[in-house]
Amino acid sequence: MNRTIDVKNHPFKFLLYLEWILLGFVAVASILPIPSQRLLTKFPELMVISLMIFGLMGLRLPTNNRRNKIIYTACEILLILITNFLGGRTARLFPFLTLILVTRSCLIFQLPGRLIVAGISFYLFLVNFLRQFPNVSPRRLQKLWFFQISFVLLFVLALVFILLLMNAVLSERKSREELTAANEKLRQYALKIENQATLEERNRIAREIHDSLGHSLTALNLQLETATKLLNTNPNKAKDFLIRAKELGSQALKDVRESVSTMRSNPLKEKSLEQAVNILVQDFHHSTNIKPNCQILCFYTIPRDISTAIYRIIQESLTNIYKYAQSTEVNLELTTTVTSVHLMIEDNGKGFNLSQNTTGFGLQSMRDRTLALDGNFQINSVPGKGTKITVNIPLSGFLSTNLEANS
């Protein structure tokens, strides 16, 4: 415990109430009239004041400073001694005070300190117990030996019981506090995971918009530029490009609607990966007059998640070639083995410096899609010598060994 224990934050209020009951019982016993002068309380006012101070000390227990703990316990022992020597018959109720002392020590000390206080309490008990027989003859003491030993053993058992009980109760409370702290940490981790999931979902949405809508708008822009150039020299050809631009605009609008609605649309629809890639290649050829050299050998069924990722990577690669490569030749290889899917896209364009441009959203999107499937993404480019992208995604756990119909 780090905070001082007081009434408001006392861990076991029932112990506090029990202390008050015992102290009240002792105080009442000290002031009641009694015919025997030998057992009469010598200074009842001092007795009551000592008991009041002892009781008030229980309202605030030090827990964060060893010196304060020792001084506090020494003051308690002093008050108990005053009660013992001035209490008359109340001294017979002395064990109640020592049991309260041990109970409080369990709240402020660790196990070694508790045992020391329990030992001091037992010693004080023995001293007080022997004082109860000052003028008893040896013969009578021999007759009372069974009573004496029984009373001492009863007190020892009470001390052991209190120590074991308090140790069990404090251990249970500590476990409950640790569980509460663990639950709080778990709640914080859950919030972090939720925030991370939200961030990843936003990134996924951004990738979807960039990959689908960006591709369509880039192609649309190229079609319009070409139509503008051919408008005066070849109106019929320009018309074809405008028609194609309209189709791309419709596709872009469709992509926007799908992205805004669910962002989970499957770009492959009911098509196989090979069919979808062939459509991408045809669009690329129609827009750039460059017909890629394609080699697609998919002998094994590719899971939908991997197919979607591969499609998006090819789409983004072709979009980048649209925008930046200025290439005249594009090679595309897509093959499957028993253990993996292999993709290679290479162009002979102007390339770029990898050390200066590897964090663009398009490249990062392709890399993220690959890593999300435990794949390997590599890009090699040299200014003036084109760019080569290779992707390898494992099929372990996904592979269906059925040969495709076109194998």
If we only count heavy atoms from C-beta on, is the [X] to [Y] side-chain gap below 4.5 Å?
{"X": "Leu99", "Y": "Phe155", "answer": "yes"}
{"X": "Ser150", "Y": "Leu153", "answer": "no"}
{"X": "Leu163", "Y": "Arg114", "answer": "yes"}
{"X": "Val156", "Y": "Phe125", "answer": "no"}
{"X": "Ile314", "Y": "Phe284", "answer": "no"}
{"X": "Leu170", "Y": "Leu107", "answer": "yes"}
{"X": "Val117", "Y": "Ile77", "answer": "no"}
{"X": "Arg104", "Y": "Met57", "answer": "yes"}

Inset, instruction - Indicate whether the side chain of Asn293 and that of Asn331 have a donor and an acceptor atom separated by less than 3.5 Å. - result: yes
Inset, instruction - Please report the C-alpha distance between Leu334 and Leu273 in whole Å, then the side-chain angles of each, then the deciding distance to 0.1 Å, and finally whether the side chain to side chain contact (heavy atoms under 4.5 Å, CB included) criterion is met. - result: CA-CA 10 Å; Leu334 177 60; Leu273 178 59; 3.7 Å; yes
Residues that [X] engages under salt bridge (Lys or Arg N to Asp or Glu O under 4.0 Å), provided they are two or more places apart:
{"X": "Arg244", "value": "Glu247, Asp283"}
{"X": "Glu172", "value": "Arg176"}
{"X": "Glu346", "value": "none"}

Legend entry - Glu316 and Arg312 ion-paired at < 4.0 Å: no
Could you give the distance from [atom1] ([X]) to [atom2] ([Y]), rounded to the nearest 0.5 Å?
{"X": "Asp368", "Y": "Leu363", "atom1": "CG", "atom2": "CG", "result": "11.0 Å"}
{"X": "Lys291", "Y": "His285", "atom1": "NZ", "atom2": "NE2", "result": "6.0 Å"}
{"X": "Arg369", "Y": "Leu373", "atom1": "CZ", "atom2": "CG", "result": "9.5 Å"}
{"X": "Asn320", "Y": "Gln315", "atom1": "CG", "atom2": "CD", "result": "11.0 Å"}
{"X": "His342", "Y": "Ile310", "atom1": "NE2", "atom2": "CD1", "result": "10.0 Å"}
{"X": "Ser272", "Y": "Asn278", "atom1": "OG", "atom2": "CG", "result": "8.0 Å"}

Inset, instruction - Using the side chain to side chain donor-acceptor pair (under 3.5 Å) rule, pick out the option among Asp347, Asn353, Thr387 that qualifies with Ser381. - result: Thr387
Legend entry - Criterion side chain to side chain contact (heavy atoms under 4.5 Å, CB included) on Val152 and Phe122, from CA distance to verdict: CA-CA 9 Å; Val152 171; Phe122 180 68; 3.9 Å; yes
Compare every heavy atom of [Y] with every heavy atom of [X], then report the nearest pair and how far apart it is.
{"X": "Arg304", "Y": "Lys271", "value": "NH1-O, 3.8 Å"}
{"X": "Asn392", "Y": "Thr370", "value": "O-CG2, 4.5 Å"}
{"X": "Asn348", "Y": "Ser327", "value": "OD1-CB, 3.2 Å"}
{"X": "Ile306", "Y": "Pro394", "value": "CD1-O, 3.9 Å"}
{"X": "Ile290", "Y": "Thr328", "value": "CG2-O, 3.7 Å"}
{"X": "Ser317", "Y": "Ile389", "value": "OG-CD1, 3.7 Å"}

Inset, instruction - Check whether more than 12 heavy atoms from other residues, nucleotides or ligands sit under 6.0 Å from atom NZ of Lys69, and answer yes or no. - result: yes
Inset, instruction - Begin from the C-alpha positions of Tyr72 and Asn65 and carry the test side chain to side chain contact (heavy atoms under 4.5 Å, CB included) through to its verdict. - result: CA-CA 11 Å; Tyr72 177 89; Asn65 186 291; over 6 Å; no
Inset, instruction - Let me see the working for Asp240 and Asn236 under side chain to side chain contact (heavy atoms under 4.5 Å, CB included), right down to the final yes or no. - result: CA-CA 7 Å; Asp240 293 338; Asn236 292 330; 5.7 Å; no
Inset, instruction - With sequence neighbours left out, write down each residue that passes side-chain contact (heavy atoms from CB on, under 4.5 Å) with Leu165, or none if nothing qualifies. - result: Phe161, Val169
Inset, instruction - With sequence neighbours left out, write down each residue that passes side-chain contact (heavy atoms from CB on, under 4.5 Å) with Leu154, or none if nothing qualifies. - result: none
Inset, instruction - Can you tell me which residue pairs pass the side chain to side chain donor-acceptor pair (under 3.5 Å) test with a partner in residues 221-235, sequence neighbours excluded? - result: Asn221-Glu225, Gln223-Ser287
